[in-house]
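Below is one structure; the comments refer to it alone.
Below, chains carry the letters A, B, ... as their sequence lines are ordered, and counting in each starts from 1. Quick caveat, the model's predicted, so the values are computed rather than measured.
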Amino acid sequence: MFQPESMSRLLIVASKQQLEPVITELYRMNIFHIDDYVEKGDGEWEGFRIGMPLAGADVTSAALVKIRSIASAFGISKDTVSDAERSSINVLKQRIEQDLPAIAEEVEKLLAKKTKYESMVKEYEQRIEALRPFIDAPAPLELLQGYDTISFIAGNVKSPVSLSVPCEIWEKQLKSGYFVILAVKNSDVSTVERELLDFQIQKIQIPTETGSASQVIHEYELKIEGLKKEIADLERQMGTIRDKHEFFLMSSEEFLSGDVEQAEAPLRFATSEHAFAVTGWVPTSKVTKVFENLDKACAGKVYVSELEVEDYNEMPPVEYHNPDFAHPTQLFMDLYSRPRYTEVDPTLLMAILFPIMFGLILGDVGYGVILLIMSMGLRSFVKGSEAGNQLITVLRNCSISSIIFGLAFSEIFGFSLPWQPIWLSRHINMGGAAHGAATEAAAHGMEASVEHVSHIPQLLVISIWIGILHITLGRIWGARNAAKMDHGHHRTLKIYANIGWILVMWGILVLIWSNFPIPMMPDFSQLPALVAGLNPAMIAGAVMLILGLVFIARENVLDLMEVPTIISHVLSYTRLIAVGLSSVAIAMVTNFIAIDMIISPQLKLLSPIGIILVIVGIVVFLFGHALNTALGILGGGLHPLRLHYVEFFTKFYRGGGKKYTPFGMIRKLTKQTD
Amino acid sequence: MAAESVAVEVAAAAASAAGLKAVGAGLAVGLAGVGSGLGEMGIGAAAMGAVAENKDMFGLALLFTVLPETIVIFGLVVALLLMFQ
């Protein structure tokens with residue numbers, strides 16, 4: 001608990017004849033995290049070099065590339081294929097040899113055709129664009145070119161053209177400016193071009209076509225239509241091939257990528273002329289399994305041994321070790337940074353506290369139920385995405401916590417449930433709501449003043465208590481991490497610094513308690529004065545404060561600048577109540593506007609306009625609560641996350657651990673062995 | 001007559017005190033919100049840039065972006081205390 005999975009370092013050595021069985025067995029087990037062998041530097045063993053890929057790797061890779069290119073052309077992936085059945089590897093091998101070349105050839109042919117047609121369509125479309133300005137031209141296109149003495153110039157100009165040389169001008173007004181076609185003598189061309197610059201001409205090439213522009217355009221459009229039909233036909237053909245071979249393609253992709261990974265594994269091993277060696281990490285609980293399985297796979301011709309690990313800092317890969325319900329929270333940990341091997345892994349605590357904080361903020365039965373339904377509905381959308389599934393599970397846990405807190409706070413969409421809040425209430429005195437509640441409470445013989453209907457100061461104090469305890473735990477873990485991860489003098493200083501931070505915080509608290517009585521907190525202000533008007537609590541608080549400051553300063557004097565953050569970080573936890581109250585307020589305002597202001601006055605005197613207003617009121621009601629739900633997810637999710645990341649993790653968390661990625665694969669579409 | 005006018009004055013004073021409290025609460029949230037917004041403006045832009053370059057920065061970027069937000073929470077708490085204590 002609060003620790004990553006314990007890892008053991010293994011060394012596997014065998015002769016090269018055993019290379020293939022060892023790799024196959026390791027891949028099958030999918031628990032061995034290989035340490036890549038580095039030829040240069042500290043990790044080098046004399047006489048050992050990086051290995052060569054197994055025979056046949058290039059052929060397999062080639063086949064794999066072919067399959068992947070087909071898959072990308074078809075737009076299929078492993079996730080889109082149903083994994084209801086699995087192919088056997090022998091059948092797959094056979095089919096890859098026999099069927100794959102034919103399929104690849106056919107797909108390539110179809111693809112080539114499709115690309116050709118598509119490029120033709122593009123070309124025709126470009127030609128149509130070029131022809132468009134000439135639709136209204138006074139003469140067929142073939143008459144606008146090919147003369148010995150006359151040249152034609154076409155283009156867009158800003159204003160009507162008038163030239164100093166004799167010419168023939170045809171103009172057409174456009175949205176901005178004019179389209180002109182000019183006929184000039186060849187000898188005048190350069191003069192005309194210069195003069196045209198004054199009209200800011202953008203020249204347009206006259207297309208070399210015959211007939212009127214609209215006729216030619218029509219012909220091209222017919223051609224494009226024909227081509228598009230052809231393309232659709234090709235796509236249909238490809239669709240048939242895809243449907244027929246989808247499963248075969250994806251399962252052989254899985255099989256081959258496993259094969260390639262195995263064939264290339266020696267690139268991570270150390271090899272000599274006749275032997276190879278590899279080191280890696282295995283969860284300690286599975287070490288004996290590796291010993292037994294490798295021994296069996298190689299008939300005893302392999303040497304496996306567990307290595308001593310002197311320095312655990314950073315080296316081993318990190319795999320979470322949490323109870324099942326905490327797994328989704330690992331998403332938030334990876335989002336921040338994976339813990340290091342030797343440090344405290346706070347995932348479990350976060351898995352418990354995060355939903356509680358969410359519920360404190362969005363404690364409302366109505367919103368909770370909406371989120372619960374949402375989390376169930378969204379589940380099918382994130383199929384196949386692990387992170388998505390984790391997020392949905394977190395949302396589900398949070399919504400359940402929200403419902404529980406809603407029942408305790410007696411809140412549903414800002415209305416109260418038919419019972420009084422359990423213990424503390426956060427009903428706000430809005431539009432005299434608390435007066436009504438107070439009267440009702442009085443009728444039941446309870447405390448009846450408005451102040452007692454909502455307990456906002458008390459709730460704020462509770463949130464501060466959460467902060468104090470959370471941060472104290474953070475500092476305790478900070479000391480523990482320092483004890484485990486640092487060395488020598490630095491280690492001692494760091495442990496004392498963490499204790500110092502705790503002392504300063506509690507010292508300040510004791511000082512406050514000894515001067516001011518605060519609800520729901522110890523009250524030392526009534527203690528008898530000991531010396532010079534100071535009571536024992538004040539003296540104890542001052543001693544703790546000063547001792548703490550000394551401890552902090554011994555580690556790093558500059559850290560004293562951070563002392564005020566103690567107060568700001570603790571007060572930051574009041575957001576749990578403050579943000580929650582703002583969502584209560586939005587809900588109550590929505591209800592007040594929609595029901596008290598719009599709907600109920602109309603219901604008293606029903607009129608045709610009144611009915612429309614009632615509908616408007618309902619729309620306002622729905623819109624307001626939809627908005628508040630969205631804000632609730634954002635506020636309820638981001639604030640607890642931030643409290644963990646900023647206020648909690650900064651006290652102890654280091655992060656930057658290496659992810660545990662075992663050599664192997666989880667097969668979805670192929671059988672492990674035959 | 002005199003007693004009546006005193007009663008009216010007292011009521012008016014109480015009402016204006018309550019009104020000023022509400023104004024104070026509004027200012028506390030509003031100004032704190034403006035401050036947080038100004039603070040988050042620059043950080044948010046830079047954080048987006050960092051995340052665009054390297055997706056692993058997301059956690060850290062989020063952390064930095066929400067740092068100034070504490071201020072508005074303080075404003076909100078002050079407002080709540082003004083209104084409800």
Would a 4.5 Å heavy-atom cut-off, applied to side chains only, mark [X] and [Y] as touching?
| X | Y | value |
| --- | --- | --- |
| A:Leu460 | B:Val77 | yes |
| A:His639 | B:Ile73 | yes |
| A:Arg575 | B:Leu76 | no |

Could you grab the distance from atom OG1 of B:Thr70 to atom CD of A:Glu647, nearest 0.5 Å is fine?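 Going from OG1 on B:Thr70 over to CD on A:Glu647, the span is 5.5 Å.
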
Engaged part of A:Ser568 at the chain B interface, taking heavy atoms whose separation is under 4.5 Å: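 Interface part for A:Ser568: both.
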
Using side-chain contact (heavy atoms from CB on, under 4.5 Å) as the criterion, list what pairs up with B:Leu31, not counting sequence neighbours.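 side-chain contact (heavy atoms from CB on, under 4.5 Å) check on B:Leu31 returns B:Leu27.
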
B:Ile71 versus chain A, the contacting section by heavy-atom distance below 4.5 Å: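 Neither; nothing under 4.5 Å.
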
Proximity breakdown for B:Phe64 and chain A, heavy-atom pairs closer than 4.5 Å: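 For B:Phe64, there is no contact with chain A at all, as no heavy atom is under 4.5 Å.
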
What side-chain donor-acceptor pairs closer than 3.5 Å can you find for residues 576-587 of chain A, not counting sequence neighbours?
residue: A:Ser582; atom: OG; partner: A:Val579; partner atom: O; Å: 2.6
residue: A:Ser583; atom: OG; partner: A:Gly580; partner atom: O; Å: 3.2

